[in-house]
Protein chains: 2
Amino acid sequence: MGRWEPGGSSRLREAALELFLEQGFDETTAGEIAQRVGLSERTFFRHFGDKKEVLFGGSEEFQREMIAAVADAPVGPSPLGVVASGLAKAARFFPDEARDYSRKRWRILGENPALQERELLKMAAIASGIGAVLRDRGVPEPAATLAAESGITVFRLAFERWLAPDEHRPLAEIERAMFVELGAVVAGS
Amino acid sequence: MGRWEPGGSSRLREAALELFLEQGFDETTAGEIAQRVGLSERTFFRHFGDKKEVLFGGSEEFQREMIAAVADAPVGPSPLGVVASGLAKAARFFPDEARDYSRKRWRILGENPALQERELLKMAAIASGIGAVLRDRGVPEPAATLAAESGITVFRLAFERWLAPDEHRPLAEIERAMFVELGAVVAGS
DNA sequence: GTCTATAGTGCGATAGAC
DNA sequence: GTCTATCGCACTATAGAC
């Protein structure tokens, strides 16, 4: 038992989500979030490099997981197949229980271009990491980067679909369907 | 002859590029850029919504052009083919003479994640616009979005390749090769 | 934890162009 | 008279330096 309540980061993240939903991202100051959990603004910025980052907690872990899943995927004939099997494994990061939280977060992101920018950068970083893994596995360029980027595109669209109000299938299943669709779209040209 | 030199925006853009190359993006203040062309900091922010935006001049026009090129593409059997022919047309925005400027700009972007975020958002906006155009042309979902996103991925990778020091082919030619590679990567799965 | 520079906004005033 | 570009000032929040 220390001098502070434990879990400063996660308490800040929760408070931030609430406040952003209530009053909007721009209308909420970092100091306000910190105050709500009894911390100082200075402490907020020690936990998060900038205000946006409070909405991206756990994203480094997800990123590592996603890249590791591709690295550990069984040897396959096609690089995109390798990416697909990695993505399927990483889908466990988003079980049904996470849908509600993800939808709230998505609503906030949808209203703020600066947050969308950050989300895109995170995705781009994952794509870049997957590309590197594929090259390590002997896939030449530009196939490695194309497979990585296409895989992330499939993931993004599947994820958005997963969040839709009328959607109930698990993420991995939507991913599979989306990969099939990609095959059809590209084959048709 | 007015009270002011004409072309405030473009003079600010040029000065910004110089200063960013000399001292870096973070080390250059908006006031400094404005001062160099005889304007005030306040005026800088009336031309550009934020500091990053000074590096994205003409991007709205490029965006419109890209989307219009897809909208005006001849009727084709496949949505990705339509996107490809649109992209080929829009490649004229980047003639050989623009390579030098583009490389300078790319070097600045490469050193700053915040600028990469903005670049990704601009690309995402174009993809979204192309997706809408495809839906207007009768392409169902998720094929429309997949074709749009895949097309933008091809454009991005082709553009990066176009900027490589050892690369001399025109952008349109690299795009074509990249579309072929995408076909191979996806077909192989 | 305090102190400070920079980013970015709001508003009023001014100077020309049409 | 109206429209547009500019300046100047006051102000807040972010973010980094000390």
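Letters A, B, ... mirror the listed sequences (proteins, then strands); counts begin at 1.
For residues 73-94 of chain A, the set of pairs meeting the side chain to side chain donor-acceptor pair (under 3.5 Å) definition, not counting sequence neighbours, comprises E65(A)-R92(A). Pairs passing the salt bridge (Lys or Arg N to Asp or Glu O under 4.0 Å) check and including a residue from residues 52-64 of chain A, sequence neighbours excluded, read E53(A)-R118(A), E53(A)-K122(A).
Here S150(A) pairs with L80(A), L182(A), L182(B) under the side-chain contact (heavy atoms from CB on, under 4.5 Å) rule; sequence neighbours left out. For R36(B), the side-chain contact (heavy atoms from CB on, under 4.5 Å) partners at least two apart in sequence or on another chain are A15(B), E18(B), L19(B), E22(B).
Atom-to-atom, CZ of F48(B) to C1' of dT9(C) comes out at 18 Å; the value is rounded to the nearest Å. Put simply, CG on L39(B) is 18 Å from P on dT4(D), counting in whole angstrom units. The CZ-P distance, from F44(B) to dA5(D), rounds to 16 Å in whole Å.
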Letter by letter from the 5' end, nucleotides 8-18 of chain D scores (B base, S sugar-phosphate only, - none; protein heavy atoms under 4.0 Å) BB---SBSSB-

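Side-chain contacts under 4.5 Å among hydrophobic residues (ILVMFWY), followed directly or transitively, place V75(B) with no other residue at all.
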